[in-house]
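Each remark here refers to the structure printed beneath this line.
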There are 2 protein chains.
Amino acid sequence: MPTQRIYGDACTIARALDVVGERWALLIVRELLFGPQRYSDLRHALPGASSNLIADRLRELDANGVVLRRRLPPPAASWVYELTARGRRLEPVLYALGAFGSDVPVPRDAYLSATSALLYLRQSARPEHRWPVTVCGIQLEDQPFTVRSKQGRIEVRRGEPEQAVARLQTTPWGLMELISDPSRLSDADVAGDPGVFQRLFATIAG
Amino acid sequence: MPTQRIYGDACTIARALDVVGERWALLIVRELLFGPQRYSDLRHALPGASSNLIADRLRELDANGVVLRRRLPPPAASWVYELTARGRRLEPVLYALGAFGSDVPVPRDAYLSATSALLYLRQSARPEHRWPVTVCGIQLEDQPFTVRSKQGRIEVRRGEPEQAVARLQTTPWGLMELISDPSRLSDADVAGDPGVFQRLFATIAG
DNA sequence: CCGCATCCGTTTCGATACTG
DNA sequence: CAGTATCGAAACGGATGCGG
């Protein structure tokens, strides 16, 4: 049963929290940033959230126009949740929270989703502006992502890349380790040119 | 009794929410943006929050280095809460939320705090860059604020201005009305040059 | 009066079990 | 796979109490 308590405060900050202030809501939005996800994908990405909570939040977010429940084309025939245009307007909120949270200690035995690891990569890597556009694939626990470094930025989206100069397969924590110590790339599961990842990860300070 | 639940998620977004994700936490931070506040001031600004909630949140925020509990100098001798440097790092989070929340409908019978009204003014007024620095005072329900328009921006802080070219006294909702219809300034309680407010409010579209 | 603490009914959360 | 159903535990919301 979705919650419906509100702050009763006219401030835009409080009104935003009326929509995404309940527990787990913003983490569900986070998981949808790089593309649509099924209910079971969300459960896997948010192992600490109970199933009814995720279902309730999705209903609320749907009712508030933040996410959309959509049926996949025939062969798949399952349902996915994806961000609406309004939902994507939460991106700056997530980035601001991420900047604040970077010096909050990591809890013991913390889980790390594939999306979270790639958000970290996206946020901290600074490819040089003069580098050519480069497309590579990163697969984290069977979830394929396309990573494109382009004009000083990184774009990430779910799905296999069409043509990639390199592909890396690892886990979310494995990716974090490779980022903090790119020399381990020599032991990693890389197809194609490992130098692409070497150069990209080397732009990350710390 | 302060809450102790955490997401157990290594993502910086989730870690931020471990600190400020509980109900009312970010609204307390909002109320401290323009200067220190006493416990009773916070209760007045957040009438929907129960007393134990505010006390619990302040303890949590204190324990997490977001706010500081400080004794005022002798004549006053009371306690105030103020943002730490870390707490001020939440400003971008609040602005991002405010931007998202601006198209969420205002709840019925919503309350509006003095801070919220001035955040709206600060966020939407666009004084022209060539205008001279102007200091005015705005008093909202006995709470004095100093508003300084300066190089295309507005700075707000709690307290009486030292020397102001104009002073306005009204309520938070009264200020919102004056912003939406500056012609009503002729009926407002203004001392000094009303043109200052006229020009400032006229820069707000809508 | 201020600054909380305590009490208590209600809501929400978290964990697990269950169903179409 | 995609959710419901259930239930104990925790958090919230409102009222009241109480020492300084």
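Letters A, B, ... are given to chains in the order of the sequence lines, protein chains preceding strands, and every chain is numbered from 1.
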Report all side-chain donor-acceptor pairs from residues 157-164 of chain B shorter than 3.5 Å, counting only partners two or more places apart or in another chain.
from     : atom 1 : to       : atom 2 : distance (Å)
B:Arg158 : NE     : B:Gln37  : OE1    : 3.2
B:Arg158 : NH1    : B:Gln143 : OE1    : 3.0
B:Arg158 : NH2    : B:Thr115 : OG1    : 3.2
B:Arg158 : NH2    : B:Gln143 : OE1    : 3.4
B:Glu160 : OE1    : B:Arg167 : NH1    : 3.0

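Counting heavy atoms from C-beta on, the side chains of B:Thr3 and B:Arg57 come closer than 4.5 Å. Here the side chains of A:Leu32 and A:Leu42 are in contact, with some heavy-atom distance below 4.5 Å.
A:Glu82 has no carboxylate O lying under 4.0 Å from a charged side-chain N of A:Arg69, or vice versa, which leaves the two without a salt bridge. Taking the charged nitrogens against the carboxylate oxygens, A:Arg15 and A:Asp18 have no contact shorter than 4.0 Å, which rules out a salt bridge.
Remark on the helix from C:dC1-D:dG20 to C:dG20-D:dC1: inter-end axis angle 20°, axes from five-pair C1' superpositions, rounded to 10°.
Regarding B:Ile6, its CD1 atom lies at a distance of 14 Å from the C1' atom of C:dG14, rounded to whole Å. Counting to the nearest Å, the C1' atom of C:dC7 and the CG atom of B:Leu53 are 15 Å from each other. To the nearest angstrom, C1' of C:dT12 lies 11 Å from CZ of A:Arg23. Distance, A:Leu46 CG to C:dA15 P: 13 Å, rounded to whole Å.
Note that the OH atom of B:Tyr81 and the CG atom of B:Leu58 stand 5.0 Å from one another [nearest 0.5 Å]. The CH2 atom of B:Trp79 lies 14.5 Å from the CZ atom of B:Arg38; values are rounded to the nearest 0.5 Å.
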Practice item. Step by step, work out the side-chain hydrogen bond (donor to acceptor under 3.5 Å, both in side chains) result for A:Arg30 and A:Ser116. Key: CA-CA 8 Å; A:Arg30 177 193 76 190; A:Ser116 302; 3.3 Å; yes
I'd like a list of close polar pairs between nucleotides 2-6 of chain C and the protein, N/O only, cut-off under 3.5 Å.
from  : atom 1 : to      : atom 2 : distance (Å)
C:dG3 : OP2    : B:Ser40 : N      : 3.2
C:dG3 : OP2    : B:Ser40 : OG     : 2.7
C:dC4 : OP1    : B:Arg69 : NH2    : 3.2
C:dC4 : OP2    : B:Tyr81 : OH     : 3.0
C:dA5 : OP2    : B:Arg59 : NH1    : 3.2
C:dA5 : OP2    : B:Arg59 : NH2    : 3.2
C:dA5 : N6     : B:Ser51 : OG     : 2.6

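Think of the region where chain B sits on DNA chain D: with heavy atoms and a 4.0 Å cut, that region ends 5' and 3' at D:dA11 to D:dA15.
Not a single donor-acceptor pair under 3.5 Å links the side chain of A:Arg199 to the backbone N or O of A:Pro127.
For the pair A:Trp24 and C:dG14, the criterion of a side-chain N or O lying under 4.0 Å from OP1 or OP2 is met.
Among the protein residues, A:Ser50 comes within range of the nucleic acid bases, having at least one heavy atom under 4.0 Å from a base atom.
When the side chain to side chain contact (heavy atoms under 4.5 Å, CB included) test is applied to A:Ala117, the partners found at least two apart in sequence or on another chain are A:Leu112, A:Leu140, A:Pro172, A:Leu175, A:Met176.
Within the structure, ring-ring contact (aromatic ring centres under 6.0 Å, His included) pairs that include any residue of residues 7-58 of chain B comprise A:Tyr7-B:Trp24, A:Trp24-B:Tyr7 (at least two apart or interchain).
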